[in-house]
Engineer: 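Got a structure for you, written out below as structure tokens; questions coming shortly.
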Amino acid sequence: MAEINNITAVILSGGLARRFNGVEKGLQHFAGKALISHIIERLEPQTCKIFLNINRLHHEYAQKYPNIPHYSDKLNNFQGPLSGMLSGFEQIESEYLLFVPCDSPFVPHNLCQKLATALRINQAQIAYAHDGERAHPTFCLIHRSILPSLISYLACGERRVLQFFHSQRYVAVDFSEQPGAFQNFNCAEELASGQISPHFCKTPILAITGYSGTGKTTLLEKLIPHLSEKGLKVGLIKHSHHNVDIDKAGKDSYRLRQAGANPTMIACEQRWALMTETQTMASFETLVAQFADKGLDLILVEGFKHEQLPKIQLHRKTIEKPLPEMDDFTIATATDYPIERDNRLDINNVEQIAEFISSYLNHK
């Protein structure tokens with residue numbers, strides 16, 4: 001049997017990411033951190049060591065992940081996952097290598113265990129994941145005995161992963177109980193929509209963005225009652241650039257917080273609040289997690305402009321800054337003057353904006 005301490009994991013991040021306009025896909029942020037960071041967290045309990053297969057931005061990776069070793073493909077010109085697998089066996093001594101792609105942050109927590117068990121029972125060289133409908137060959141556990149065959153296969157100019165696997169002793173392992181674990185993000189649009197994936201948050205998230213002075217808070221104050229009238233239960237996350245303290249100096253709860261209680265909860269008949277002291281800003285994922293199981297239909301976000309979230313951009317003629325460029329996450333633009341854009345909304349017509357948001361949610 002492939003013992004856990006004989007298995008090294010490799011995150012395959014050696015491609016050109018053409019559908020991501022050539023940016024380094026594994027370093028793109030999802031739910032507050034790089035895609036690869038999510039994967040590392042899920043793999044660390046499963047394997048004895050993790051490597052990164054990268055072909056660009058070596059310095060950036062070394063800075064961000066100083067304790068994770070990396071290697072590059074020995075074959076030139078970005079020749080695909082099999083090239084990364086070949087180079088892994090040539091540069092890592094482990095008998096078994098567990099490969100996963102860099103764009104799938106929901107790696108199954110039992111991936112290694114299930115693949116290793118299937119490999120042993122079937123006396124196979126390769127075990128790869130199947131979600132019941134599709135094969136996911138880049139989620140695979142491979143024994144190094146395939147190395148001579150892989151070298152010959154690539155030397156013939158072949159690059160198809162599944163075709164090579166089927167030329168060896170292989171087994172497809174059923175993960176149909178968790179098909180969403182193999183969701184991947186191939187472009188910026190998919191990454192944006194993934195922020196409202198059930199794996200991250202079961203509630204749709206929509207950001208309202210704009211320059212200071214655009215009236216984001218004023219619009220939200222008017223918008224939320226309109227959404228409530230449409231039967232939507234709405235939560236809100238607001239980012240502040242100031243040191244916000246909802247407690248009052250001199251109150252008992254304030255004194256106990258100052259004494260070192262962390263977190264501190266205060267409750268009355270009308271509401272309760274949990275205050276947690278932090279040294280750095282909490283991740284967006286952590287903040288959204290506080291809304292879990294609250295029965296919300298929508299989480300509105302004010303601020304957090306650097307998060308890759310579906311958003312409505314706001315702009316007014318009086319703002320002495322240019323209209324923000326549309327990006328892959330912009331679903332509408334609300335202004336107080338005419339512009340030629342799809343989904344242009346009147347910033348002063350709150351009912352129109354509420355109706356647009358309601359329709360947007362119905363088509364998710």
Engineer: Going hydrophobic residue to hydrophobic residue with side-chain gaps under 4.5 angstrom, can you get from V350 over to L361?
Structural biologist: yes
Engineer: Ring-plane angle category for Y360 and F356, please: parallel below 30°, perpendicular beyond 60°, tilted otherwise.
Structural biologist: parallel
Engineer: Report yes or no: do L220 and Y211 belong to one cluster of Ile/Leu/Val/Met/Phe/Trp/Tyr joined by side chain heavy-atom distances under 4.5 Å?
Structural biologist: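 Different clusters.
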Engineer: Counting only heavy atoms from other residues, nucleotides and ligands, does the tally under 6.0 Å from CD of E177 exceed 12?
Structural biologist: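 Yes, the 6.0 Å shell around CD holds more than 12 heavy atoms from other groups.
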Engineer: On the 0 to 90° scale, with breaks at 30° and 60°, tag the H315-Y337 ring pair as parallel, tilted or perpendicular.
Structural biologist: perpendicular
Engineer: Taking everything shown except E277 itself, do over 12 heavy atoms lie less than 6.0 Å from its CD?
Structural biologist: yes
Engineer: Answer yes or no: are there more than 12 heavy-atom neighbours, outside Q270 itself, under 6.0 Å from its atom CD?
Structural biologist: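 Result for CD/Q270: enclosed.
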Engineer: Report the C-alpha separation of K233 and K294 in whole Å, then their side-chain angles, then the decisive distance to 0.1 Å, and conclude whether the side chain to side chain contact (heavy atoms under 4.5 Å, CB included) test is met.
Structural biologist: CA-CA 9 Å; K233 188 176 180 182; K294 295 294 188 287; 5.5 Å; no
Engineer: Under a single-linkage definition using a 4.5 Å side-chain heavy-atom cutoff for Ile, Leu, Val, Met, Phe, Trp and Tyr, are M326 and I331 assigned to the same hydrophobic cluster?
Structural biologist: no
Engineer: Start with the C-alpha distance between D336 and N348, add both sets of side-chain angles, then the distance that settles side chain to side chain donor-acceptor pair (under 3.5 Å), and finish with yes or no.
Structural biologist: CA-CA 7 Å; D336 60 354; N348 296 313; 5.1 Å; no
Engineer: Can you name the residues that form a ring-ring contact (aromatic ring centres under 6.0 Å, His included) with F175, not counting sequence neighbours?
Structural biologist: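 Result, ring-ring contact (aromatic ring centres under 6.0 Å, His included) vs F175: F182.
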Engineer: If we ignore angles and hydrogens, is there a donor and acceptor under 3.5 Å between the side chains of T330 and D327?
Structural biologist: yes
Engineer: For the pair H143 and E95, evaluate side chain to side chain donor-acceptor pair (under 3.5 Å) and give the outcome as yes or no after the intermediate values.
Structural biologist: CA-CA 6 Å; H143 187 263; E95 188 176 2; 2.9 Å; yes
Engineer: Could you check whether any side-chain N or O of Q352 sits under 3.5 Å from a backbone N or O of D346, counting only pairs where one atom can act as donor and the other as acceptor?
Structural biologist: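 Confirmed, Q352 side chain pairs with D346 backbone.
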Engineer: I'd like to know if V107 and I68 are part of one continuous hydrophobic network [Ile/Leu/Val/Met/Phe/Trp/Tyr, side-chain heavy atoms within less than 4.5 Å].
Structural biologist: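 In one cluster with I68: V107, yes.
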Engineer: Would R144 and E93 pass as an ion pair if we require N to O under 4.0 Å?
Structural biologist: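 Salt bridge absent between R144 and E93.
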Engineer: Are there over 12 heavy-atom neighbours, none belonging to K230, within less than 6.0 Å of that residue's NZ?
Structural biologist: yes
Engineer: Could you walk me through whether S104 and H136 satisfy the side chain to side chain contact (heavy atoms under 4.5 Å, CB included) test, starting with their C-alpha distance in whole Å, then the side-chain angles of each, then the deciding distance to 0.1 Å, before giving a yes or no?
Structural biologist: CA-CA 11 Å; S104 299; H136 298 280; over 6 Å; no
Engineer: More than 12 foreign heavy atoms under 6.0 Å from CD of E221: is that the case here?
Structural biologist: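 No, CD of E221 has 12 or fewer neighbouring heavy atoms, counting only those of other groups under 6.0 Å.
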Engineer: Answer yes or no: are there more than 12 heavy-atom neighbours, outside K114 itself, under 6.0 Å from its atom NZ?
Structural biologist: yes
Engineer: Hydrophobic clustering (ILVMFWY, side-chain heavy atoms < 4.5 Å, transitive) - are L154 and Y71 grouped together?
Structural biologist: yes
